[in-house]
Amino acid sequence: MNGADREGVGAVLALLSVEEKASLCLGADLWHTAAIERAGIASVMVADGPNGLRKQAKVDDLLEGVPATCLPTASALASSWDLALARRVGEALGQEAAAEGVGVVLGPGLNIKRSPLCGRNFEYFSEDPLLSGEMAAAMVEGIQSQGVGACLKHYAANNQETERVRVSADVDERALREVYLAGFELAVRRAHPWMVMAAYNKLNGTYCSQDPWLLTEVLRQEWGFDGVVVSDWGAVDDRVEALKAGLDLEMPPNLGVSDAAIVAAVRSGELDEGILDRAVSRVLHLVGRARREPGPRAAYDLAAHHQLAQEAATSSAVLLRNDGGILPLSPGGTVAVVGDLARTPRFQGAGSSHVSATWVDVPVEELRRLAPPGTEVTFAPGYGLEPTSDDPALAADAARLAAGAAVVVAFLGLPASEESEGFDRRHIDLPANQLAMLAAVAKANAAVVVVLANGGAVRLSSWDHHARAVLETWLSGQGMGRAVAELLWGHASPSGHLTETIPLRLEDCPSHLNFPGEEGHVRYGEGVFVGYRGYDASHREVSYPFGHGLSYTTFACRDLVVSVRGSEAEDDLTVSVTVTVANSGPRAGAEVVQVYVHDVAATVARPEWELRAFQKVALAPGETAHVSFELDRRAFSFWSAARRGWVLEAGRFELAIGASSRDIRARTEVDLPAPEWRPRLDGDATIEEWLAVPEGAAALRAAFGTDEQGRPQGLLADEEMLALVGNFPLKRLSCFPGLGLDPSTVHALTSRLARSS
Ligand code: BGC
């Protein structure tokens, strides 16, 4: 908020009664902030997001929205690893919101995919915080470039739908900082969203909507957030506590209850009116900058947005396998398209993000439209869309069609009834009727290509031997049909990469034994070892690793060079990484250069590899690009709960360029200097810690005495005893008789060091 704003807001604030101020901290209805005509305060409309506008169309239908472009969901968009694209998608969303008079879009969502079971994973970007944060920042910048606000959600640790409104996510601070908060931090610092949405769940026992550490200390004081904190819809348990913690706006409004509670708390002195004023000022600032009237219809071009949806879907698809180069399809002969999802595509998720698409490209029609001359495309539904509908006759028809074809394209995926906001999946398998069809067609024809459409990861290991190629489209919006046709016919080369690991089995997932929790708590027992950080650390085999994605061309990477500038001590450490990438194959394509870091010798358990930078580069055949990155100290640090901050430990780090976290193409090492950290030498420090530091060792030697040759005496001379009690704090040793360390010696030692330090 700038100075002029502050003055304006201050003047309006002075006009308002406590009742009016309280009303501004609640919405007026499901989608609007409160207006106060007398004081010239207008109302602002908010609407879902995040993969298209969902402005409620009818009063009596909460989920039906006005027609809008259905863009790829987050799980798809992030698979493009294309930040410029994410920004353009944000711009399109912002334009549509502006045209509809919507002031703030409720998205993007950037919770971490902790388990593939989370029913809402389609709305989230990745299991990796850097990728999530970068994608979210790009979308926020795009949306806000149109004068419309964006709202990061769901802050924080809302990684499951089971018991989502009550469960306590019990997460240690290191995992929170490094994994669950890091994406929010990046997007807040970089893109300055107008809003952040407090999640439904509790974090370590406190509702996110009333957690002062989360909403004020971390979000505002550490990261500098200056917008409005809004509750998720119905997330407020105690309005006054929420206000004190830093929650400005309650949605939907608990009218007559929350406003009355705020007024009563101010009157009784329980709530400082300054706290209320602070929240009101933030809401007024939002009202000041948000659009209130619908913009001109001509502000956006429906056809251009549909084309953007197609382009984004094309960039998002991940080619998981392509044995013998079966893709792109060869012209001529018959292509048998099987699976009802080819004519009734699933391209978006279910719940509050459901968009009323302006247009839907139907895959089988698009495959026909783009088929080369002399190529016939036939179709059989193969299965019923309901997972329980087992119709062997449908599968038999598909197998008959497959038998006479040159190649079979099988469309498989999750039906909407199996994944949605509101509940988690119980397993990660595709419906049995689809797999039965796949087995039947594979028996009839070995040339099978599978096209997948699912929001969360599905298990492939039980069936992908039936497929020579697998193209994962996720839920990639209304342009998915066209995108698939372009990719299969080779008009474009696949360039998506996995943003989450596809495990061999659900049981392999690092969070498996702690998901979705019990008795009101879900314990994040895997700590920082989420997703690939966990699979890689335990060397668990996976179906397809994080970062994986094939192309119709090949890429070579060489000349990895790393140089260090500045220093940790001066707080200006910069590590520059440059690498050359070449398109070494026959077609145009795009490569994602992934930079990974590993701390070789750390005092805490650290992942094998962590993604620290990435860039997508489009290259013509034979073309070369020099790609460079700058990493700062954070890329090498861990969060130390004991030292209450980010810690860079001096020493050796490995840097690598990977085609996935498991396919490292180039690596090098670098030594980073950093001030040495020493434990405080007091009574709580162990005797080993004292001995590890020269002045501690000297003080102990003086206390225990030395012989004529200067050799230490007493306990320090007794190696066996030292091994036994080496990890005892000094003050605990002082109660053992005979060790030569009574309380007065400990006191003398610690005060001597305190004097000299
Ligand atoms: C969802 C939010 C959404 C809100 C409004 C909630 O149930 O969790 O993501 O923005 O509803 O529809």
Side-chain angles (χ1 to χ4, degrees), residues 26-33 44-66 68 70-71 73-75 93 97 100 102-113 118-125 132 136 139-140 143 148-167 169 183-184 187 193-203 207-209 227-237 247-254 286 348-356 419-424 455 475:
L26 280 61
D29 59 29
L30 261 171
W31 307 114
H32 293 87
T33 65
V44 171
M45 180 172 199
V46 301
D48 287 306
N51 58 292
L53 186 69
R54 187 181 68 88
K55 178 180 169 185
Q56 194 177 331
K58 299 182 204 138
V59 186
D60 57 349
D61 190 341
L62 186 62
L63 290 181
E64 179 69 16
V66 298
C70 181
L71 296 151
T73 61
S75 59
L93 183 49
E100 288 288 348
V102 169
V104 180
V105 172
L106 300 172
L110 65 154
N111 296 94
I112 292 291
K113 298 180 199 233
C118 173
R120 221 172 168 182
N121 271 359
F122 66 88
E123 269 193 75
Y124 303 141
F125 295 116
S132 304
M139 272 193 80
V140 170
I143 295 169
V148 170
C151 175
L152 296 182
K153 66 188 189 185
H154 309 89
Y155 183 64
N158 180 181
N159 310 99
Q160 64 186 53
E161 293 298 282
T162 307
E163 286 281 348
R164 68 168 160 161
V165 184
R166 296 190 307 196
V167 75
F184 285 95
W194 292 9
M195 263 194 188
V196 167
M197 187 187 288
Y200 284 124
N201 53 287
K202 300 177 191 125
L203 178 61
Y207 281 108
C208 290
S209 61
V228 164
V229 174
V230 63
S231 67
D232 197 347
W233 268 230
V236 170
D237 191 56
L247 185 124
D248 308 305
L249 181 63
E250 177 185 1
M251 289 301 265
N254 198 353
L286 174 77
Q348 65 169 323
S352 64
S353 66
H354 190 273
V355 173
S356 301
E419 65 177 342
S420 165
E421 175 181 343
F423 61 90
D424 294 320
L475 299 179

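Numbers for residues simply follow the sequence, beginning at 1. One-based numbering, in listed order, for ligands and for the atoms of each.
- Checked against a 3.5 angstrom limit, the closest N/O atoms of W233 and ligand 1 fall outside it.
- Proximity to R164 (heavy-atom distance under 4.0 Å) selects the following atoms of ligand 1: 7 (O), 8 (O).
- Of all atoms in ligand 1, listed by their number and element, those nearer than 4.0 Å to a heavy atom of E421 are 1 (C), 6 (C), 7 (O), 8 (O).
- For the pair M197 and ligand 1, a heavy-atom separation below 4.0 Å is found.
- Donor-acceptor pairing under 3.5 Å is lacking for the side chains of H154 and R164.
- For M251, no heavy-atom contact with ligand 1 is shorter than 4.0 Å.
- Residue contact check: K153 has heavy atoms under 4.0 Å from atoms 2 (C), 3 (C), 9 (O), 10 (O) of ligand 1.
- Shortest contact from atom 7 (O) of ligand 1 to any protein heavy atom: Y200 OH, 2.8 Å.
- The shortest N or O to N or O distance between D48 and ligand 1 is below 3.5 Å.
- At a 4.0 Å heavy-atom cut-off, ligand 1 does not touch H354 at all.
- Contacts between E161 and ligand 1 below 4.0 angstrom, taking non-hydrogen atoms only, are absent altogether.
- In terms of polar-atom proximity, W31 is not counted as a contact of ligand 1, lacking any N or O under 3.5 Å from an N or O of the ligand.
- Formation of a donor-acceptor pair under 3.5 Å by the S209 side chain with backbone atoms of A235 is found in this model.
- Closest to atom 4 (C) of ligand 1, if we only count protein heavy atoms, is D232 OD1, 3.6 Å.
- When heavy-atom distances to ligand 1 are checked against a 4.0 Å cut-off, R120 comes that close only through its side chain, counted from C-beta outward.
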